[in-house]
Amino acid sequence: MEPGGGGGLGAPGPLPGNNKARGGAGPPSKARDLGRPPRKDSEGYSESPDLEFEYADTDKWAAELSELYSYTEGPEFLLNRKCFEEDFRIHVRDKKWTELDKNQHRTHAMRLLDGLEVTAREKRLRVARAILYVAQGTFGECGSEAEVQAWMRYNIFLLLEVGTFNALVELLNMEIDNSAACSSAVRKPAISLADSTDLRVLLNIMYLIVETVRQEAEGDKPEWKSMRQTFRAELGAPLYNNEPFSVMLFGMVTKFCSGHAPHFPMKKVLLLLWKTVLGTLGGFEELQSMKAEKREVLGLPPLPEDSIKVIRNMRAASPPASASDLIEQQQKRGRREHKALIKQDNLDAFNERDPYKADDSREEEEENDDDNSLEGETFPLERDEVMPPPTQHPPSDRITCPKGLPWAPKVREKDIEMFLESSRSKFIGYTLGRFSGLSWHQGEEEVEQVPAEILYQGLLPSLPQYMIALLKILLAAAPTSKAKTDSINILADVLPEEMPTTVLQSMKLGVDVNRHKEIIVKAISAVLLLLLKHFKLNHIYQFEYMAQHLVFANCIPLILKFFNQNIMSYITAKNSISVLDYPYCVVHELPELTAESLEAGDNNQFCWRNLFSCINLLRILNKLTKWKHSRTMMLVVFKSAPILKRALKVKQAMMQLYVLKLLKVQTKYLGRQWRKSNMKTMSAIYQKVRHRLNDDWAYGNDLDARPWDFQAEECALRASIERFNSRRYDRAHSNPDFLPVDNCLQSVLGQRVDLPEDFQVNYDLWLEREVFSRPISWEELLQ
C-alpha cells in the first residue's frame, strides 16, 4: 500500500453533502454580520463566514440512523414490514403492535427470537427481517418521525431484555464462517447488494441496538439505565469467543481486506465497530473526566483547563490568501502606489490603518467596511492593536482589548533539564552527568482490567494487520484515490443487482456511492482516534504500539494525500437526498425525484460528517507526530506545509487549531523565507496554539534541528514496546531478557536470597576459596 504519491489533485467532483448540520445561535456579533457582503481583508480575498459546527462524539441520533442505510436499500424497508406483518397476523389478528401491552410485546418478541433458531436459511432470514422491522420502530403504525423514534427506543430495549443481541452475535459468527458464501463471492466478477443480504439484516439490528442503548435520553425508565450499564459491560467483556465483540468485528475487517470475503458489507461493519468502541470505552467528554480522575489518584495537579471547552470557545481565524489573491492585490497596490511589491503578507495588515499614509478614496472605502466589522476580527495583533486608528473615528466603536491567549503555557521536565544543562554549560562551563536513578522492582505487575485494557489484550496478537486493513479501506474510500484494479471493492453493499438505466438512476447511485465513501471515512477516522486516545490514557506503550504500526502502514502520507484536494469542496459537498433518509422516507409519501432535487441536496452550510472526518484525521496526524522528531521530519519531506495551509481556508476554529499545530512543529525546518512569506499563519499559530517554555518554534534555532535517522528512532521505540508487551502479556513464554532489572544497589543488597543446604554446609570453604584467596581491588570495585 503506497498512499503517499498524491500529486496535484483537484476537487473530487460533485462531492457528498450530508446529514443535518448542527444549528446553534452562535456569537451575538454574527447577527450584525449577516446583512453585510463578505468583506475583503488586508490580503485581498473574500472571507467566508464561520462554520457553526459543534464537534461531538457523533452527529444527531436521526442522522446517525439514516447513515446506516444506503439509498439502494430503500425497497427493503417495505419488505421488512411485510415479513413482520405476515407473522404478526398469525398470532394477533385484531390489534396493531402499538395497541398491545408490555407483556404481549414481550411474548411476541420471544416468539420471534425462537424463530431465529430454525435451520432453514430462508425462514431464518424472514424472522430476522421481522425483528429488524421491530427495531426500526414499527414505522407502518406511526404518523411522524418523532413517533417512530419513540417506538424504536421502546422496542430496542424490549429486544435487548429478551436476549436478542447474544442470539444475533451467534448468527453473525456463523455467517462469518460461512465458507460457501465466501467462496461464491470470491468467484463472482461483480458483487452486489444481494450477496450480503443475511449479513446486512443482522448488522442493521445490532447497530440499531448498540446506537440506541448507548445514548441516554430524557424520559428513560430506571430499568433502561441499569440495562445500559449491563449491556455496556457485556459488550466490552471477553464473552464472545473469549474476546470482546469489537475484536470479532476487527476480524471481519481483516478477512474482507485479505480478499477471502469480498461480500462483507464493510460500511455497516465499520459503523458498528465505531459505535461499539464508543459505547464500551466512552467518548471524548468521558475521556476528559477519566483523565482528571487518574491525575487525582496519582497525586498530579489538576488539568489547567478543559480542552474541549477551550476549543468550543475559540473563534476561527482568517485563512491565508492564496497565491492568485496575493498577486492580484499586489498588482493593484503597484498601480496605485508605484512601489515595489511587498513580499511579507503581514506588512499589508500593519500598513492598512497607518494614519500617516496618503490613501486614495478606494482604500478609504475598504477601511470603512472594516471598521463596521471589528467585532468579528480575529487578528488583533495584526490590526488595530498594532497601530492606533486615526483620531476622527470614535474610539469607543473601534478599540477592543485582546482577552489573552486561550491556553495556559506548559513545560516538560525534559525541557527544564535541557535549559538548565545548556545554561550551566554556557555560563559556568560545567555540566552534570546523566543520572539514571530509576529503580525497577521485580514482581508481578497488577493490571486493572478496565475496558481499554481488555480490548488491547484482544487486539494485541493481530494489531498490525488490523491497522493495515483499516488504512487500506480508508485509502479506497478517499476522494483523492484513483480507481485501481488491485484496490479493494468497498461498494459491495451499495451497488444494486441491476445497474441503472436512466440518467436519474445514475445520478442517484452517484450520490449514494459518494455518501457511502464519506461514511466509511467518518467511521474509520473516529475508530482510530478513539483507540489512540483511550490507549494513551490506559498505558503510553499501548498507544505507541498502535501509533507505530499506523506509521509503518504509511498513515502519515495517506492522511496528507486525503487533504491534497479542494478541501472546501469536500466540506461543503451535497451528497444527500434528504427525502430518502430514514426515518423520513418511511413516514412520508415520497415525492417524485428529479435531477434538480438530486443536485440541490440539502440547505446546510456544510456537511457535518465530512468536517468531523477532517478534524479526526488531523487529530490522528497530530497524535502520530507529537514529540517525534523523525515523524515531524516526514511531514517536511512529504511537503505537507502547502497542503495544510490550504486546509486553513475552512473557517472552523477546531479544524484550524489542529492544522496550525501541525504547521507549528515544522516551521523551524521550513526555512526563513517560508516564515517571512507566511507571517499571517505564524501570527495565527502564536494566537491559537499553546506556548511552551524554551520552544523557539518561530526562529529555527532549536537543538533538535539535527540530522534525523528515522530507523534508529523507530527501532529504539519498537524495542521498548516489545519489552513492555513481553513483560506484561507474554506470561507463558516469559523471556528472562525482557524481565525488569532491579538496578538499585540498596534494593538488591536488601533482598533475601534462599541458599541451598549444601552451600551453607560448605560456606567456610567457599569463603576461603572465592573471597580470601583472591586479590580484590576495592578502589576499582567501588568507583
Side-chain angles (χ1 to χ4, degrees), residues 1 3 6 9 11-19 21 53 55-59 63-64 66-68 70 253 256-257 265-275 277-278 466-483 487-494 510-532 550 553-576 606-621 623-624 643 647 650 652 655 658:
M1 189 179 82
L9 296 157
L15 266 159
N18 135 326
N19 41 2
F53 169 86
Y55 186 82
D57 294 325
T58 63
D59 202 346
E64 293 294 339
S66 71
E67 289 183 358
L68 176 63
S70 58
V253 175
F256 170 80
C257 285
M266 220 8 71
K267 183 189 86 175
K268 294 182 193 296
V269 173
L270 290 166
L271 282 173
L272 180 55
L273 174 60
W274 168 33
K275 295 305 168 62
V277 170
L278 184 59
Y466 298 146
M467 295 304 107
I468 289 168
L470 286 177
L471 293 183
K472 269 188 176 179
I473 299 170
L474 183 61
L475 177 65
T480 50
S481 293
K482 301 281 191 294
S487 65
I488 48 179
N489 176 20
I490 54 169
L491 304 177
D493 51 336
V494 69
V511 170
D512 208 0
V513 165
N514 284 338
R515 173 177 178 266
H516 181 82
K517 287 181 174 180
E518 289 176 6
I519 295 165
I520 286 176
V521 172
K522 173 186 174 182
I524 292 176
S525 66
V527 166
L528 290 175
L529 181 60
L530 273 174
L531 289 177
L532 284 169
L550 285 172
N554 280 347
C555 186
I556 292 175
L558 171 53
I559 294 175
L560 292 176
K561 181 175 182 178
F562 181 91
F563 280 95
N564 196 14
Q565 60 170 312
N566 185 338
I567 211 73
M568 274 307 291
S569 294
Y570 186 69
I571 280 165
T572 56
K574 302 282 184 190
N575 273 336
S576 88
F606 59 90
C607 171
W608 195 94
R609 68 169 160 260
N610 288 355
L611 191 44
F612 177 74
S613 302
C614 288
I615 291 172
N616 287 345
L617 290 171
L618 287 167
R619 294 183 76 182
I620 291 164
L621 201 51
K623 292 226 163 292
L624 297 183
I643 297 170
V650 180
Q652 203 284 319
M655 181 163 166
Y658 289 108

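Partners of Tyr466 under the ring-ring contact (aromatic ring centres under 6.0 Å, His included) rule, at least two apart in sequence or in another chain, are Phe250. For Asn616, the side chain to side chain contact (heavy atoms under 4.5 Å, CB included) criterion is met by Tyr55, Ser525, Ala526, Leu529, Phe612, not counting sequence neighbours. Under the side-chain hydrogen bond (donor to acceptor under 3.5 Å, both in side chains) criterion, Lys268 pairs with Glu73, Asn204, not counting sequence neighbours. Listed by chain and number, the residues in a ring-ring contact (aromatic ring centres under 6.0 Å, His included) with Phe562 are Tyr570 (sequence neighbours excluded). Evaluation of the side chain to side chain contact (heavy atoms under 4.5 Å, CB included) rule for Ala477 yields Ile490, Lys517, Ile520, Val521 as partners, not counting sequence neighbours.
For the atom pair Ile615 CD1 and Gln652 CD, the distance stands at 4.5 Å (nearest 0.5 Å).
Of all heavy-atom pairs spanning Ser576 and Val511, the tightest one is N-CG1, 3.9 Å. The two residues Val253 and Val269 have their closest heavy-atom pair at CG2-CG1, 4.1 Å. The minimum heavy-atom distance linking Leu474 with Ile524 is given by the pair N-CD1, 3.7 Å. Of all non-hydrogen atoms in Asn564 and Thr480, the two that sit nearest each other are O-CG2, 3.6 Å. Summarising the geometry of Val650 relative to Leu611, their closest heavy-atom pair is CG1-CD1, 4.1 Å, with the distance given to 0.1 Å. Of all the heavy atoms in Ile488 and Ile473, the pair that sits closest is CD1-CG1, 3.7 Å.
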Legend entry - Residue pair Arg619, Leu532: steps toward the side-chain contact (heavy atoms from CB on, under 4.5 Å) verdict: CA-CA 10 Å; Arg619 294 183 76 182; Leu532 284 169; over 6 Å; no
Inset, instruction - Mind running side-chain contact (heavy atoms from CB on, under 4.5 Å) on Leu621 and Tyr658 for me, showing each step along the way? - result: CA-CA 9 Å; Leu621 201 51; Tyr658 289 108; over 6 Å; no
Inset, instruction - Start with the C-alpha distance between Val513 and Leu491, add both sets of side-chain angles, then the distance that settles side-chain contact (heavy atoms from CB on, under 4.5 Å), and finish with yes or no. - result: CA-CA 7 Å; Val513 165; Leu491 304 177; 3.9 Å; yes
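Within the 3.5 Å criterion, the main-chain N or O of Val494 finds no donor-acceptor partner in the side chain of Ser70.
Counting heavy atoms from C-beta outward, Val277 and Leu531 have side chains that approach closer than 4.5 Å. Inter-residue side-chain proximity for Cys607 and Arg515 is flagged as unmet; no heavy-atom pair is nearer than 4.5 Å. Taking the side chain as every heavy atom from C-beta outward, Leu528 and Met467 approach each other to under 4.5 Å.
Between Trp608 and Phe53, the ring-plane angle classifies as tilted under the 30° and 60° cut-offs.
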